[in-house]
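For reference, the structure is listed below as structure tokens.
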Amino acid sequence: MNAVLLLLAAAAAAEPLALSDAMRRAIERSPEAAAAKARRDASALEEPLILSNLDPKLNAAYSFQDDRAPRSQPVFQGTRSRAERWEGGLSQTTLLGTEAKLVWRGERLVNPSAFRPLDPTVDSRLALELRQRLLRYFWGRPDVARRSRVRAGLSAAEADLSAARSGAAAAAASAVLELRAAQQLLAIREEAVVDARLLLKRTEEKGRYGTAEASDKFSAEASLEVAETELLLARSALERSRHALAAALREEGPAEALTVSTEAVTGLPDEQSLPRGEADFLARRPDVEAARRRRDAAKWAARVTRLDTLPDLSLDASYSFAGLDSTYRAAWRDMSGWRHPVAAVGASVSVPLTFRQERLTRRQADLAASAAEAELAGAENNARRAWRDSTETHKLAGRRLAAARRLAAIERAKLTAGESDFRSGRATTDLLVRFQQDLRRAKAELVRAEADEALALVELARQAGTLGSP
């Protein structure tokens, strides 16, 4: 059973890796994408966290006091008093900053004296208390500003995640394309070595019959040496391409088993999905979008800071019902008769004398917003240049690919004509071998041009943030 599993694992490892599978695996294993996703998820919790401040709270308190302090008139005040106080209720804050409390309070006082006809006394009250902050919440709605800041931060985190996913996918796609080109070039170099050895063998045979000069043999040996050197370089490039692909895929095992198909590449980005112009590109590029959203978040944060540093002017109001008796039960019964209402209203204000801390805090927030604005301008400038360079690179790669195809077709036709001349006796073996070498050089150039054209397309998709989108 273990042998069967090992064979299946070996077969799976030897299977050529598709471009789409490589990008998907790179995104799934990318630590940068995982970190960006975690930051995005953390940002998504900020707005629910703000709204959780509106959840009702249960409040309770209890205190006991035994007072034996000396009195100036103990006959009237008594010589000792014991008091217990408790309260319990619900409180909630609204989006407009209204603080509402529904509180049930009780106080029991034991103070024996000649002039207290009711001892002990129990005071019970059920109160509705309201406090409304006026300037901060009716000047500019800090709750709206806070949620807008959080939403802008979430959009920036989502743009960072898109950039991280595109970067991981682009690294894997580039590694796959480079490995594909390295495999194709290796096959071409191997064919070149075979032909160079054949040329050397034929030259040596001609030398034995006196039909070849000594320089022809040296030329054939030099050609073989060059072909073997190019083969050595091609094998090294293949290994380095495998290492790059293993790094992009976060493979910890040996990279020798990594292979890709040398057939026509599938899974490349669709050119129709790319931006149509510079303005469209700037609107879709993830890092520019992240900088834009951070700028918006900084502006909303400055607005929150300005509202939070306004003078605190509040309106307070309460309405309660009271009851008084010698026991809790009797006091509650007296209160529940709703015959003793107590109404209160007032206002409070807190104004800093120098506004030094407030001015510094506002200045700090304004500078952060200015820095975010400057970072956005820098990101747009860098993105604009990257778009122009990448577009030009893609156009050049397309023209180069067309030229390489024309050259390969010409070299192929030249070789066909040379083979026809060779069969009719009008061409030598040396000339035919050189034609074959020219065709292989044209094929190598075509392989490189195809890889560069695909890499330019991948880079355009990476910058637009469309590569590896879910």
Side-chain angles (χ1 to χ4, degrees), residues 9 12-13 15-49 150-182 237-260 265 267-269 273 284-295 297 372 375-376 378-379 382-383 386 390 451 454-470:
E15 183 179 354
L17 183 64
L19 181 63
S20 58
D21 292 338
M23 291 192 295
R24 175 185 52 78
R25 193 183 303 179
I27 292 173
E28 292 175 351
R29 299 178 179 180
S30 170
E32 294 81 7
K37 184 177 182 299
R39 287 191 291 268
R40 191 275 312 271
D41 295 342
S43 297
L45 297 177
E46 289 191 23
E47 186 170 4
L49 183 61
V150 166
R151 290 168 184 171
L154 176 59
S155 297
E158 289 176 345
D160 288 337
L161 175 57
S162 176
R165 291 173 60 91
S166 294
S174 300
V176 168
L177 294 172
E178 291 289 355
L179 180 55
R180 176 180 179 271
L238 177 64
E239 289 303 316
R240 285 185 280 111
S241 298
R242 284 175 174 166
H243 296 162
L245 180 57
L249 299 180
R250 268 69 185 183
E251 294 283 353
E252 298 181 358
E256 289 76 9
L258 290 176
T259 59
V260 298
V265 181
L268 284 174
S273 64
R284 296 167 59 180
R285 185 175 165 110
D287 57 344
V288 175
E289 177 66 13
R292 187 179 297 114
R293 294 304 181 182
R294 289 193 182 96
R295 185 273 313 270
E375 290 175 356
L376 173 60
N382 295 335
S390 299
L455 288 171
L457 184 60
V458 167
E459 177 61 17
L460 273 178
R462 182 195 69 80
Q463 294 190 22
T466 59
L467 194 65
S469 348

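Rounded to the nearest 0.5 Å, atoms CG (Leu177) and CG (Leu19) are 6.0 Å apart. With rounding to the nearest 0.5 angstrom, the CG atom of Leu376 is 11.0 Å from the CZ atom of Arg294. In this structure, NE2 on His243 lies 9.5 Å from CG on Leu238, to the nearest 0.5 angstrom. Put simply, CG on Leu258 and CG on Leu245 are 5.0 Å apart, with the number rounded to the nearest 0.5 Å. To the nearest 0.5 Å, the span separating CG on Asp160 from CD on Glu289 amounts to 10.5 Å.
Taking every heavy atom of both residues into account, Ala181 and Ala451 meet most closely at CB-CB, 3.9 Å. Nearest heavy-atom pair, Ser30 versus Ala33, reported as atom, atom and distance to 0.1 Å: OG-N, 3.1 Å. Heavy-atom minimum distance, Ser390 versus Glu459: OG-CG, 4.0 Å. The minimum heavy-atom distance between Ala386 and Arg285, with the atom names listed, is CB-NH1, 3.9 Å. Leu455 and Glu178 get closest at one heavy-atom pair: CD1-OE2, 3.2 Å. Scanning all heavy atoms of the two residues, the minimum distance from Ala172 to Ala26 falls at CB-CB, 3.5 Å.
Ser155 contributes a side-chain N or O that, together with a main-chain N or O of Arg151, makes up a donor-acceptor pair within less than 3.5 Å. Of the possible donor and acceptor atoms, one in the side chain of Arg29 sits under 3.5 Å from a partner among the backbone N and O of Leu249.
Leu17 is not listed as a side-chain neighbour of Thr259, based on a closest heavy-atom distance of 4.5 Å or more. Contact check for Met23 versus Val176: no side-chain heavy atoms found under the 4.5 Å cut-off. With a 4.5 Å cut-off on side-chain heavy atoms, Val458 and Pro269 count as touching.
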Run the side-chain donor-acceptor check on residues 37-44: report pairs under 3.5 Å with partners two or more places apart or on a different chain.
residue: Lys37; atom: NZ; partner: Asp41; partner atom: OD2; Å: 3.2
residue: Ser43; atom: OG; partner: Arg39; partner atom: O; Å: 3.0

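Glu239 has a carboxylate O that lies under 4.0 Å from a charged side-chain N of Arg242, or vice versa, which qualifies the two as a salt bridge. Contact check on Arg25 versus Glu251 returns a salt bridge, with a Lys/Arg side-chain nitrogen under 4.0 Å from an Asp/Glu carboxylate oxygen.
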